S.K.: 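Right, I'll just put the structure down here and ask away after.
All figures in this text were calculated on a predicted structure; none of them were measured in a lab.
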Amino acid sequence: MLVLITYDVNTEDAAGKKRLRQIAKQCVNYGQRVQNSVFECLLDAAQCRALQAKLCKIMDPDKDSLRFYYLGNRYENKVEHFGVKASYAPEGPLIL
């Protein structure tokens, strides 16, 4: 299923900046950054729970915000993109 993950981390102190880097690093391991604090991740249920647990462990619930939007397996018609940074195909080939 396609999961859209967004986060807002309070970076007023060094600990917040560290949390921001850690959350971004975990998200990069599971998906594609589509905007600064937004990732599209193609995950199965177990991967989604694992990532959610990792991110919730990193974040400070009193200062930070984390959102998961579950777009499901038939996400192609649920996502529209306009402007710069062309879309990518999550299930397409990945060239490094």
S.K.: Distance from I23 atom CD1 to L66 atom CG, nearest 0.5 Å?
M.R.: 6.0 Å
S.K.: Can you find a heavy atom in the side chain of V9 that is under 4.5 Å from one in the side chain of S37?
M.R.: no
S.K.: Would you indicate whether the side-chain heavy atoms of Y69 and T6 approach each other to under 4.5 Å?
M.R.: yes
S.K.: Distance from M59 atom CE to L20 atom CG, nearest 0.5 Å?
M.R.: 12.5 Å
S.K.: What is the distance from atom OG1 of T11 to atom CZ of R21, rounded to the nearest 0.5 Å?
M.R.: 10.5 Å
S.K.: A side-chain contact here means heavy atoms from C-beta on lying under 4.5 Å apart; do Q26 and I58 qualify?
M.R.: yes
S.K.: According to the side chain to side chain donor-acceptor pair (under 3.5 Å) rule, which pairs have a member within residues 45-64, sequence neighbours left out?
M.R.: R19-D64, Y30-K54, Q52-Y70
S.K.: Can you give me the closest heavy-atom contact between C48 and L43, atom names plus distance?
M.R.: CA-CD1, 3.8 Å
S.K.: Run the side-chain contact (heavy atoms from CB on, under 4.5 Å) check on I5 and C41 step by step: do they pass?
M.R.: CA-CA 8 Å; I5 301 172; C41 303; 3.8 Å; yes
S.K.: Measure the CD-CD distance between Q35 and E40 for me, rounded to the nearest 0.5 Å.
M.R.: 9.5 Å
S.K.: Please round to the nearest 0.5 Å and tell me the distance separating atom SG of C27 and atom CG of L51.
M.R.: 5.5 Å
S.K.: Does the side chain of V38 come within less than 4.5 Å of Y7's, by heavy atoms?
M.R.: no
S.K.: Looking only at heavy atoms, which two atoms of R33 and A24 are closest? And how far apart?
M.R.: NH2-CB, 3.6 Å
